[in-house]
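Residues take their numbers from the sequence shown, with the count starting at 1. Below, all heavy atoms of this structure are taken into account, side chains as well, without hydrogens, waters or symmetry copies. Remember, predicted model here, so these are calculated numbers, not experimental data.
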Amino acid sequence: MKQIMKEYISVKGSLKTILIIMIMFSVYFVINARIMIWIAEVINGAEVGNANKINLYLGLLITGCIVNTVLDFFISRLMRMNMCVVFTEFCNRFSEKVLYADYYVFTKYSSGKLNTVFAGILNISRAGKLVLNTFRSAVNILVLLISICIINTKLIAPIIVIYIIGAIVIKKIWNKISDIEKGIADTKVKRGDEIHKIIDGFAEIRSSGTELMHMNNIVDFNISIKSNLFRKIKTVAGSTVAFNVIDTTIMMIMVLYSVFAISNNIISSSIAMSLVMYGWRLLDPLITILDSTDML
């Protein structure tokens with residue numbers, strides 16, 4: 001991963017673009033977190049009949065939504081443009097290496113393997129996007145936790161404990177899925193090599209009568225891929241259950257505290273609604289971080 005990112009930021013203008021996007025993400029999520037509070041304050045102003053309060057927070061809410069829409073547009077545009085620039089540069093570098101490579105390279109690696117590497121350049125060019133997604137989710141988690149802490153610091157401890165347990169469970173599931181996907185990818189490369197042998201040596205295969213042998217090889221590869229795909233489906237289904245358990249646990253903490261706090265006049269019902277919304281949004285960025293780091 002370190003080597004991939006080193007190559008990625010070596011592309012002219014890439015590092016500058018990534019830093020600009022990181023700053024935009026930070027501003028975006030700070031505003032996004034405040035939007036929840038502004039909604040709560042508008043509702044609270046309506047409850048007490050305070051027109052000035054409604055106008056103030058409604059103005060902030062509209063401004064915040066407009067700013068975030070503009071930021072979202074530029075973030076999406078910059079990320080995709082940067083990926084295209086890096087992809088083009090990586091394609092040029094790979095082509096140059098192949099053209100000027102020593103002869104032994106073509107005897108060591110099959111054409112199927114080289115084609116797989118070339119096809120994989122698109123995935124490598126997405127590395128910057130994955131790093132930015134990780135950063136974005138980390139900022140999102142930090143802002144959400146700070147927002148919850150502002151309402152009540154005692155809620156942070158149980159949430160962090162659940163987060164740590166959840167991260168360990170999800171990471172183990174992700175590692176299992178990753179191992180399965182690597183097995184599928186390796187088998188697809190072997191199947192590709194077998195197909196290349198059939199195409200390149202078509203006349204020899206027909207003359208020697210080895211069609212059945214090659215067919216059996218391809219069938220074995222396909223069965224192996226299908227078996228691994230079934231394993232992946234079962235593991236993904238298990239991960240869905242784990243996500244739901246973690247999400248429901250965090251949500252119940254927020255709901256139970258909200259009931260207690262409203263009953264004892266600690267917070268208003270509108271602020272309690274914001275608190276529940278913060279809790280509801282906590283799991284998604286954690287999943288994004290684990291998913292992005294695994295893909296990297």
Side-chain angles (χ1 to χ4, degrees), residues 1-8 83 86-131 133-134 167-202 204-205 208 210-243 287-296:
M1 186 175 76
K2 184 179 179 181
Q3 183 61 30
I4 290 175
M5 287 314 302
K6 184 178 178 181
E7 293 291 336
Y8 194 95
M83 192 177 79
V86 173
F87 175 67
T88 304
E89 177 65 20
F90 279 7
C91 284
N92 290 339
R93 291 182 186 181
F94 179 77
S95 300
E96 184 181 11
K97 281 185 176 292
V98 171
L99 284 170
Y100 293 99
D102 293 331
Y103 178 74
Y104 86 92
V105 171
F106 298 97
T107 58
K108 182 178 180 182
Y109 299 107
S110 65
S111 58
K113 183 67 174 177
L114 291 173
N115 286 331
T116 301
V117 173
F118 190 78
I121 289 176
L122 179 60
N123 290 331
I124 296 171
S125 68
R126 294 190 179 114
K129 184 178 179 181
L130 292 171
V131 169
N133 281 339
T134 303
I168 293 170
V169 172
I170 294 170
K171 188 61 180 174
K172 285 185 176 181
I173 293 171
W174 248 243
N175 288 340
K176 187 175 180 180
I177 293 173
S178 180
D179 290 339
I180 294 170
E181 287 178 340
K182 286 175 184 176
I184 293 171
D186 289 342
T187 307
K188 283 182 177 180
V189 169
K190 293 176 183 176
R191 184 180 63 182
D193 287 341
E194 185 68 21
I195 291 171
H196 275 284
K197 288 178 184 177
I198 293 170
I199 295 171
D200 294 340
F202 178 76
E204 184 182 343
I205 290 170
S208 61
T210 56
E211 295 95 337
L212 182 61
M213 181 190 74
H214 289 283
M215 186 63 208
N216 287 337
N217 288 339
I218 292 176
V219 169
D220 288 341
F221 289 137
N222 287 335
I223 290 172
S224 176
I225 291 170
K226 183 182 75 171
S227 176
N228 278 322
L229 284 172
F230 281 174
R231 285 178 59 210
K232 182 181 176 181
I233 290 167
K234 290 178 183 178
T235 307
V236 170
S239 70
T240 302
V241 175
F243 297 155
I287 294 172
T288 302
I289 289 174
L290 294 172
D291 190 24
S292 296
T293 52
D294 182 63
M295 289 180 72
L296 279 166

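Counting all heavy atoms, side chain and backbone alike, R191 lies closest to F221 at CA-CD1, 3.7 Å. Nearest heavy atom pair, residue I180 against residue N228, reads CG2-O, 3.1 Å.
Atoms CD and OG1, on E194 and T187 in that order, are 13.0 Å from each other to the nearest 0.5 Å. To the nearest 0.5 Å, atom CD1 of residue I184 and atom NZ of residue K188 are 6.5 Å apart. Atom CG of N222 is separated from atom CG of L229 by 10.5 Å, given to the nearest 0.5 angstrom. With values rounded to the nearest 0.5 angstrom, I177 atom CD1 is found 14.5 Å from K172 atom NZ. Rounding to the nearest 0.5 Å gives a distance of 11.5 Å between CD of E211 and CG of N216. K182 contributes atom NZ, which lies 9.5 Å from atom CG of D186 (distance to the nearest 0.5 angstrom).
Side-chain atoms of S95 come within 3.5 Å of backbone N or O of C91 as a donor-acceptor pair.
Contacts of K232 classified as salt bridge (Lys or Arg N to Asp or Glu O under 4.0 Å), with partners at least two apart in sequence or in another chain: E181. Under the rule for a salt bridge (Lys or Arg N to Asp or Glu O under 4.0 Å), R231 has no partner lying at least two apart in sequence or in another chain.
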